[in-house]
Chemist: 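Encoded as structure tokens, here's the structure I'll be asking about.
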Amino acid sequence: MMKPEDFDFVSRLIKSKSGLVLSEDKTYLLESRLMPIARKRGMKDLGELIGAMRGGDRQLVEDVVDAMTTNESFFFRDTKPFDQFRHVVLPHMIKARASKRHLRIWCAAASSGQEPYSLAMILDEFKSQLSGWRVEIIGTDISREILTKARAGMYSQFEVQRGLPINLLVKYFQKKEDQWQISADIRSKVQYKEFNLLEDFRPLGQFDIVYCRNVLIYFDQPTKSDVLARVSALMPDDGFLFLGGAETVLGISDKFKPLARQRGIYQLNRPGAPEVDLTALEKAQAGGTAAASSGAATGGLTFQKPKHMQTAAGAATGTAARPAAPGTAGTTTTRPTTSSTTARPFGAAGTTGTPGTTARPTTTGTTGATARPGTTGATGTTARPGTEGTTTRPSGTGTTGTGSSFSKPSGSTGTGSTARPGSTGTTGTGSTGSTYRRPLGTAGTGTTGTGAGGTPPRPSSGTGNTGGAGGTTRPSSTYDRSRFGKPDDKK
């Protein structure tokens, strides 16, 4: 357990070296980061490590500061700053720097390189407009170890899955065993330097665009203000600054002002700051939801959303209706992107069934209706769109037979026919045997007429549905007590 005086010593040392502020509730974090260093050096505990730091071991101090810096980063992090770069900042700079043909970008706290490489990939998409230009991307970080990783451009499967679209992975990366390495061409567009944001910025030179994202949140108020003032001194009047989503200049610095209607991007608060065209960006932002749901990428940098997250835009068009009441107009439902309708077959007794259609995609079914068994049916048929046929299923003169037929609520004896799609059904007569249905009905008569189009009716009972002399329906069977035991009437 770290002593309070040891925590005070280490936290003050880290702040003086990196600007990172550690409050007392971060003792656990400090201990978890320092113990691996102590074990690596063969020290028995944190007390021995801190004693060596007090003794002036400079390399140990560098290792501790390096261990305490946060190196969280991923490709196209938060998306919006890269859309703003692509649609606003870069088009502006291509026009404003047309005579100089020189552009410099600084990624402060570049970590393992995903941010500068994301910008380099966008710049590669503009290579025809930037032909003959000298474009520099400088990535800096306080951690020497993390910069070694950034220069190698080597990333794990997990790292390339965080924010990197698959098309860019295929285009710019090569598989190296279980790692992915970004292409040499993209790596050559970025220079990396070890640099501390508490140091003098002037040796770095002037920058047109500065990304200083998710860095200031670790600093206290005076340090934030100082860093922003020194950044502004490096930038021309029409320069742009990007900060993290949890960072702002408001109440901290008067050197910058937010870009109108945009978060995270700032212009210099000077008379020379230009008006920039936000039209392309706002169109992209407005169309972002529809583009994502249809799989389109904004600037080629967006994955398709999972189906359960997609909005109605780009989804299937059509309506789903409840079953039509007997004798009323059937409602419709369509499959995605097709014109087709479906109506459940109901008709009123002694009346003409109302139109209801069903069609395969890209076709339109014709009018047809069917009647509930046991009633005087409405006129209608079922047919495959655009065909006529004479085959019935099943039809003919039925005879009395014993057995069971499974059907939804229906009557018993009746006359009628069921046609296969595309056929004209014929009428069969007969009487009921033992039927299995829910619920059991009484004798009645019913017919189905002829027509084209419509939906196949549900199985109906009655001798009109029996085929030939056998009088059986599908499903049907002869009940065998010796095999199955006592019937269960509650099925």
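In what follows, residues are counted from 1 in the order of the sequence shown.
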Chemist: Output yes when a side-chain donor or acceptor of R101 lies under 3.5 Å from a complementary backbone atom of S131, and no otherwise.
Modeler: yes
Chemist: Tell me the closest heavy-atom pair linking A120 and V190, and the distance in Å.
Modeler: CB-CG2, 4.3 Å
Chemist: Assess the residue pair K189 and V135 against the criterion (side-chain contact (heavy atoms from CB on, under 4.5 Å)); give the C-alpha distance rounded to whole Å, side-chain angles, the decisive distance to 0.1 Å, and a yes or no.
Modeler: CA-CA 8 Å; K189 297 180 187 298; V135 180; over 6 Å; no
Chemist: Answer yes or no: does atom NZ of K3 have more than 12 heavy-atom neighbours from other residues, nucleotides or ligands under 6.0 Å?
Modeler: no
Chemist: Set out, in order, the CA-CA distance, both residues' side-chain angles and the distance that settles side-chain hydrogen bond (donor to acceptor under 3.5 Å, both in side chains) for S143 and D66, then state yes or no.
Modeler: CA-CA 5 Å; S143 171; D66 191 14; 2.4 Å; yes
Chemist: Applying side-chain hydrogen bond (donor to acceptor under 3.5 Å, both in side chains), can you list everything that pairs with D57, at least two apart in sequence or on another chain?
Modeler: R41
Chemist: With a 4.0 Å cut-off, would you call R134 and E136 a salt bridge?
Modeler: yes
Chemist: Would you find a donor on one side and an acceptor on the other, under 3.5 Å apart, between the side chain of N269 and the backbone of K257?
Modeler: no
Chemist: Report yes if the side chains of L198 and S18 come closer than 4.5 Å at any heavy-atom pair, otherwise no.
Modeler: no
Chemist: Taking the side chain from Q267 and the backbone from P274, do they hold a donor-acceptor pair closer than 3.5 Å?
Modeler: yes
Chemist: If I take atom OH from residue Y117 and atom OG from residue S183, how far apart are they, to the nearest 0.5 angstrom?
Modeler: 9.5 Å
Chemist: Is it true that atom CD of E275 has more than 12 heavy atoms of other residues, nucleotides or ligands lying nearer than 6.0 Å?
Modeler: no
Chemist: Take atom CZ of R162 as the centre, draw a 6.0 Å sphere, and report whether it contains more than 12 heavy atoms from other residues, nucleotides or ligands.
Modeler: yes
Chemist: Between L168 and F76, is any pair of side-chain heavy atoms under 4.5 Å apart?
Modeler: yes
Chemist: Is the distance between the ring centroids of W106 and F242 less than 6.0 Å?
Modeler: no
Chemist: Tell me, with the steps shown, if D220 and K15 meet salt bridge (Lys or Arg N to Asp or Glu O under 4.0 Å).
Modeler: CA-CA 10 Å; D220 59 17; K15 184 179 184 299; 3.2 Å; yes
Chemist: Closer than 3.5 angstrom, by distance alone: can the side chain of S225 be matched with the main-chain N or O of P222 as a donor-acceptor pair?
Modeler: no
Chemist: Please report the closest heavy-atom contact between K127 and D124, naming both atoms and the distance.
Modeler: CG-O, 3.1 Å
Chemist: Can you give me the closest heavy-atom contact between A67 and I37, atom names plus distance?
Modeler: CB-CD1, 3.7 Å
Chemist: Can you tell me how far apart CD1 (I50) and CZ (F7) are? Round to the nearest 0.5 Å.
Modeler: 10.5 Å
Chemist: Inspect the surroundings of CD in E24 and state if more than 12 heavy atoms from other residues, nucleotides or ligands are less than 6.0 Å away.
Modeler: no
Chemist: Mark yes or no for whether Y211, through its side chain, and P81, through its backbone, hold a donor-acceptor pair below 3.5 Å.
Modeler: yes
Chemist: Which residues satisfy the side-chain hydrogen bond (donor to acceptor under 3.5 Å, both in side chains) test with R97, sequence neighbours excluded?
Modeler: D208, D238
Chemist: R77 side chain to E72 main-chain N or O, any donor-acceptor pair under 3.5 Å?
Modeler: yes
Chemist: Would a line drawn from the ring center of F201 to the ring center of F195 be shorter than 6.0 Å?
Modeler: yes
Chemist: Rounded to the nearest 0.5 Å, what separation is found between the CG atom of L90 and the NE2 atom of H87?
Modeler: 11.0 Å
Chemist: I'd like to know whether Q221 forms a side-chain hydrogen bond (donor to acceptor under 3.5 Å, both in side chains) with T223, so could you lay out the CA-CA distance, the side-chain angles of the two residues, the decisive distance to 0.1 Å, and finally the verdict.
Modeler: CA-CA 5 Å; Q221 196 86 340; T223 305; over 6 Å; no
Chemist: Are the side chain of E247 and the backbone of L216 linked by a donor-acceptor contact shorter than 3.5 Å?
Modeler: yes
Chemist: Can you tell whether the side chains of R202 and D200 come within less than 4.0 Å, N to carboxylate O?
Modeler: yes
Chemist: What do the steps show when you test T148 against I146 for side-chain contact (heavy atoms from CB on, under 4.5 Å), and what is the final call?
Modeler: CA-CA 5 Å; T148 300; I146 203 67; over 6 Å; no
Chemist: Is D277 salt-bridged to K95, going by a charged N under 4.0 Å from an acidic O?
Modeler: no
Chemist: Please assess V215 against C212 for the test side-chain contact (heavy atoms from CB on, under 4.5 Å), listing each intermediate value before the final yes or no.
Modeler: CA-CA 6 Å; V215 182; C212 188; 4.2 Å; yes
Chemist: Determine which pairs satisfy ring-ring contact (aromatic ring centres under 6.0 Å, His included) with at least one residue from residues 165-191, sequence neighbours left out, and list them in order.
Modeler: F75-F173
Chemist: Do Q262 and E282 get their side chains close enough for a donor-acceptor pair, meaning under 3.5 Å?
Modeler: no
Chemist: Would you say L234 and V210 make side-chain contact, with heavy atoms under 4.5 Å?
Modeler: no
Chemist: Determine whether T27 and P4 make a side-chain contact, defined as any pair of heavy atoms from C-beta on separated by less than 4.5 Å.
Modeler: no
Chemist: Is it true that E159 and K149 have a side-chain N and a carboxylate O under 4.0 angstrom from each other?
Modeler: yes
Chemist: In Å and rounded to the nearest 0.5 Å, what is the CD1 to CG distance from I142 to N196?
Modeler: 4.0 Å
Chemist: Out of curiosity, S111 OG to D141 CG, how far, rounded to the nearest 0.5 Å?
Modeler: 6.0 Å
Chemist: The test is salt bridge (Lys or Arg N to Asp or Glu O under 4.0 Å); show your working for D63 and K40 and say whether it passes.
Modeler: CA-CA 11 Å; D63 292 344; K40 185 177 180 179; over 6 Å; no
Chemist: Determine, for D8 against R12, whether the closest basic-nitrogen to carboxylate-oxygen distance falls under 4.0 angstrom.
Modeler: no
Chemist: Might you confirm whether atom CD of E48 has over 12 heavy atoms from other residues, nucleotides or ligands at distances under 6.0 Å?
Modeler: yes
Chemist: Side-chain contact test, heavy atoms from C-beta onward, threshold under 4.5 Å: evaluate it for R261 versus L278 and give yes or no.
Modeler: yes
Chemist: Looking at Y192, is its backbone amide N or carbonyl O close enough to the side chain of R151 to form a donor-acceptor pair, meaning the two atoms are under 3.5 Å apart?
Modeler: yes
Chemist: Indicate yes or no: at least one non-hydrogen side-chain atom of K193 is less than 4.5 angstrom from one of I138.
Modeler: yes
Chemist: Does the side chain of S232 reach to within under 4.5 Å of the side chain of L268, using non-hydrogen atoms?
Modeler: yes
Chemist: Which atom pair, heavy atoms only, marks the closest approach of L197 to A108?
Modeler: CD2-CB, 4.1 Å
Chemist: Going from CD1 on I105 to CD1 on I209, what distance comes out if it is rounded to the nearest 0.5 angstrom?
Modeler: 4.5 Å
Chemist: Distance-only, no hydrogens or angles: does the S118 side chain make a donor-acceptor pair with backbone N or O of Q114 under 3.5 Å?
Modeler: yes
Chemist: Which heavy atom in M68 sits nearest to a heavy atom in L30, and how many Å separate them?
Modeler: SD-CD1, 3.6 Å
Chemist: What I'd like to find out is whether the side chain of F85 reaches to under 4.5 Å of the side chain of I122, using heavy atoms alone.
Modeler: yes
Chemist: Is a side-chain N or O of K175 found less than 3.5 angstrom from the main chain of E177, in a donor-acceptor match?
Modeler: yes
Chemist: Does K224, at its NZ atom, have more than 12 non-hydrogen atoms belonging to other residues, nucleotides or ligands within less than 6.0 Å?
Modeler: yes
Chemist: Charged N to carboxylate O below 4.0 Å: is that the case for R213 and D78?
Modeler: yes
Chemist: Which heavy atom in M235 sits nearest to a heavy atom in L241, and how many Å separate them?
Modeler: CE-N, 4.0 Å
Chemist: May I have the step-by-step check of side-chain contact (heavy atoms from CB on, under 4.5 Å) for Q161 and L164, ending in yes or no?
Modeler: CA-CA 6 Å; Q161 286 177 330; L164 183 67; over 6 Å; no
